[in-house]
Amino acid sequence: MSVADITLASQPEVKGRSLWADARHRFLRNKAAVSSLVIFCIIVIACFGAPYFGLRAPDDINWELESWGPPNLELGYWLGTDGNNRDLFVRLLYGGQVSLLVGFTATMVSLVIGVIWGATAGFLGGRVDGFMMRIVDILYSIPFIFFVIMLTVVFGRHITLIYIAIGAVSWLDMARIVRGQTISIRRREFIEAAEASGVSRWRIITRHIIPNCLGPVVVYVTLTVPNVILIESFISFLGMGVQEPDSSWGTLVSEAAVVMEIAPWAIIGTGSMLAITLLSLNFIGDGLRDALDPRDR
Amino acid sequence: MSPAPLLSVQDLKVHFDVTRKRLFGGTPAIVKAVDGVTFDLKPGETLGLVGESGCGKSTLGRAVLRLLPATAGRVVWLGEDLHSLDHAEMQQKRRDMQIIFQDPLASLNPRMTVGQIIAEPLSVFNPDLSGTEVKNRVRQMMAKVGLLPNQINRYPHEFSGGQAQRIGIARAMINNPRMIVCDEPVSALDVSIQAQIVNLLMDLQHEMGMSLIFISHNLSVVRHISHRVMVLYLGKVMEIADRDSIYANPLHPYTQALNSAVPIPDPDLERQKDRIVLKGDLPSPLNPPSGCPFRTRCPRATEICAQIMPDLLPAGPTHHVACHHAGPRER
Amino acid sequence: MPAILDVRNLNTTFSTPEGTVRAVNDVSFAIEPGETLGIVGESGSGKSQIFMSVMGLLAKNGRAEGSVRFKGKEILNLPVEELNTIRGVKMSMIFQDPMTSLNPYLTVRRQMTEVLEVHRGMSEQVALKTAIDLLDIVQIPEAKRRVHMYPHEFSGGMRQRVMIAMALLCEPELLIADEPTTALDVTVQAQILDLLGKLKRETGMAIALITHDLGVIARLADRVMVMYAGEIMERADVRPLFKSPQHPYTQGLLRSMPRLDEHRINRLQTIGGQPPNLQHLPEGCRFRDRCPYAFDRCAIEKPLLRQVADGRVKTCHLESL
């Protein structure tokens, strides 16, 4: 080892500040986004932790109480009972599991398919791009609700169908976004630099293109989750989704809507839970967009 | 006998089809960005490529590296035509040829650290190298291009333009290539930083012996760094000569006009200088003039220029010029 | 006769999330009638921001303080309506990118005659004739036909000429040219520099020429102001400045440029370090950490702009170089 090498080795390394770290810093300064994130986390923990909090079971019927009874704080029925004398609040938490799971799973499906599909089409370009994006266009043109009705007619009502139906549709937007990003990044010089260095195509996609499209993708993901939850609620509201004894936010709102006049607390409770969740996810998405793309401010 | 060329470009053509696709027809449009360029590059030599926007100098640089497909002609690298190799064979050749870009920040992946950026070409060709060894080599290269090795974990946006260009140079040099295409490497930099980068490239060439193709619209910088200079206009070679001939004794009217148009930082010289001011703008590359492309702005143009594109003919031992009326400037 | 433009103690700051950036720091200068003042500097030197402040064109987070007098009248931070009676009328600005001041959706004719009708009260016929004459003056061939074209139908050099013609519509007394030739090819740059020189001689208007290219300055300027990190380093007549630069920064800039007229090619001399980062400026002299002559005093005491010879000021502790 030469003298120069020793002096080089002895200098402490300076830690860099990545664009992600910068974005995190900006996000944490956004009060609305951070409080939304906290609220959303509480909701998620409450829904998925419900079985461990010593609450009553969602199918526990209390014959002492009337159906669609008002909130009863002494007995711990915070939102009253549903039409079958069950604890509405507990059912809301368990229903949240289904809604949130649908939201996350469908979004993950759309993320994986959409990113790979979009990045490949955008990177390869030409005829491959044309072919792949025409498939997207064709899928786009299928009316979503007919698609769901067809599926339920053929396969019967099942929760998995909801996952498939929503997942199959929501990756289309993702693919379009990622393709657009990929095309603009592909023209950047650092991609050419990688090509000139003999880096393989696969590695260019995974190391150079995907990390640089992640900003808009992350934003879009946070906006897809509430969208999917809403779609699921809508399908369940129409009665084609989750079936008894399971529940989701959609079925609960749908049931509560029928008795709105005699039990307004039911629709207010279930409706606000849905609204708060969607609102906080949208705030998180906005905060992420500002954090990841500071030029827009 | 001069040494065998490292690179031999023969009648290279790069044409782009820019036809607007319409449902019915549409007028076909071809841009001949590079149209029949021939030159050799010797080991350790710097060839300057000068010309104005649209002259095809960047396209030529990329076609030489096969980053763009050639429409016709050959790019012979140590006896092998690069454009006839298959993809895998070409990837192997890339170890020995590299490129440096104009916009230093745009040429660095913003999500990767400096260490990862510089190491990438090294790991591609030496996948078995250990992490520590890669890191050592990267740190040595950083020191060599004038970066502090302890900055290895920083990200490109934390550096100024001049430092970012040093990162780009370190990435290009890490595999000790035999040729680097420098595409306007100092044009985006401040005046005081340009000199640093020019000196660095010249020092590295002196030490490592690679050849450079130095593309620039800045004639003063090209003169400073190049051994030979090639002047392009609308995809065609106007003149190619050793550095001293092309600046002291240019024979092509376009080279003469270019030389005289460069402002000199001396008020007395600059204001007394006898300049050739060309008429008009560059013609559109979509619809270039017939014959010699320069004839529409050329003070010496005659009838023959509109009909026949002059051949690139020898005018001296190291001097070639493509002009029907080639000759020294009349004062 | 009062100066056309008299700038005193101009301070321009930008508030950013990372803190306040001082882009222009206590800058004073004057432009006399008919003279061309060259303003040179690297990125971050504040050379453009001076004139963006003068024209009231600062970005939203920018603030300008001090005094700017146009022919004796204070114009800094005037309300827009009042400022508009001066800017674009008696004082015009041209930019590196012509498309910043040309509307892509209107023909050149519409854009030119509108200004003439509003500001000079011309009838449409007279306005059109004046517009065509102006395009002739800036050497646009077939001006009569081309006046009806849209900006995108012109080539880069032609667009620059159209923008210059637009700036001349109201016969301004001061033309501010911000890097007018930087985006152009050398042969076209030579044409535009010739045109600016001709306009200067024939109209007698004052020009503020902002550029990073000392060659362009050498061609056109009467006096030169060298900017670094928001401050004036040196100001002098053009010939003495190039012949014997008195500030280490000016000297460094001149020496680091390769020149086409030198006979022997020597290694370029460089200014070490990086261009100024306005958020991490050194104490004392701002150029100190890149200056080959820096000594103890430079770190402790900030040099002030002082007169060193007739018509020559500099910001440096050294008496001479």
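Side chains are part of it too, since the values below use all heavy atoms of this structure and drop only hydrogens, waters and symmetry mates. Remember, predicted model here, so these are calculated numbers, not experimental data.
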Pairwise side-chain contact, [X] with [Y], heavy-atom cut-off 4.5 Å (strictly under):
X         : Y         : value
Asp203(B) : Arg267(C) : yes
Pro258(C) : Val198(B) : no
Arg271(B) : Val238(C) : yes
Arg239(C) : Pro267(B) : yes

If I measure from the heavy atoms of chain C, does [X] come under 4.5 Å with its side chain, its backbone, both, or neither?
X         : answer
Ile276(B) : neither
Lys279(B) : backbone
Asn259(B) : both
Leu282(B) : side chain

List the atom of [X], the atom of [Y], and the distance in Å for their closest heavy-atom pair.
X         : Y         : value
Ile271(C) : Gln196(B) : O-NE2, 2.6 Å
Pro275(C) : Asp190(B) : CG-OD2, 3.4 Å
Ala261(B) : Val186(C) : CB-O, 3.7 Å
Leu278(B) : Gln191(C) : O-NE2, 2.6 Å
Phe242(C) : Pro265(B) : CD2-O, 3.2 Å

Below 4.5 Å from any heavy atom of chain B, which atoms of [X] appear? Answer side chain, backbone, both or neither.
X         : answer
Gln189(C) : side chain
Asn277(C) : neither
Leu241(C) : neither
Gln139(C) : neither
Leu254(C) : side chain

Counting a contact as any heavy-atom pair under 4.5 Å apart, which residues of residues 35-45 of chain C contact chain B?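 Counting heavy atoms that sit under 4.5 Å from chain B, the residues of residues 35-45 of chain C involved are Glu42(C), Ser43(C).
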
Atom [atom1] of [X] and atom [atom2] of [Y]: how far apart are they, to the nearest 0.5 Å?
X         : Y         : atom1 : atom2 : value
Asp281(B) : Met158(C) : CG    : CE    : 5.0 Å
Arg255(C) : Ser192(B) : CZ    : OG    : 14.5 Å
Thr270(C) : Leu200(B) : OG1   : CG    : 11.0 Å
His224(B) : Asn266(C) : NE2   : CG    : 7.5 Å
Asn199(B) : Leu268(C) : CG    : CG    : 5.0 Å
Glu262(C) : Arg223(B) : CD    : CZ    : 5.5 Å

Only pairs of heavy atoms separated by less than 4.5 Å count here; which of Val262(B), Val221(B), Asp266(B) has the most with chain C?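 Greatest number of close heavy-atom pairs with chain C: Asp266(B).
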
Using a 4.5 angstrom heavy-atom cutoff, name the option from Ser284(B), Gly146(B), Ala248(B), Gly280(B) with the most pairs to chain C.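 Sorted descending by pairs with chain C, the first entry is Gly280(B).
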
Atom [atom1] of [X]: over 12 foreign heavy atoms under 6.0 Å:
X         : atom1 : answer
Lys32(B)  : NZ    : no
Lys198(C) : NZ    : yes
His152(C) : NE2   : yes

Quick check for you: among Arg259(C), Gln269(C), His212(C), which has the greatest number of heavy-atom pairs under 4.5 Å with chain B?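 Answer, by heavy-atom pair count under 4.5 Å with chain B: Arg259(C).
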
Most heavy-atom pairs under 4.5 angstrom with chain B, which of Val188(C), Leu260(C), Leu214(C), Val216(C)?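 Between Val188(C), Leu260(C), Leu214(C), Val216(C), the count favours Leu260(C).
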
Between Asp185(C) (side chain) and Glu52(B) (backbone), is there a donor-acceptor pair under 3.5 Å?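 Pair absent, no side-chain N/O of Asp185(C) close to backbone of Glu52(B).
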
Ion pair check, Asp268(B) and Lys243(C), cut-off under 4.0 Å: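 Yes, Asp268(B) and Lys243(C) are salt-bridged.
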
Using the side chain to side chain contact (heavy atoms under 4.5 Å, CB included) rule, take Glu270(B) and Ile217(C) through it: C-alpha gap first, then chi angles, then the decisive distance, then the call. CA-CA 10 Å; Glu270(B) 174 62 20; Ile217(C) 294 280; over 6 Å; no

Does Asp194(C) form a salt bridge (Lys or Arg N to Asp or Glu O under 4.0 Å) with Arg275(B)? I'd like the steps, not just the answer. CA-CA 10 Å; Asp194(C) 267 12; Arg275(B) 288 191 304 164; 2.3 Å; yes

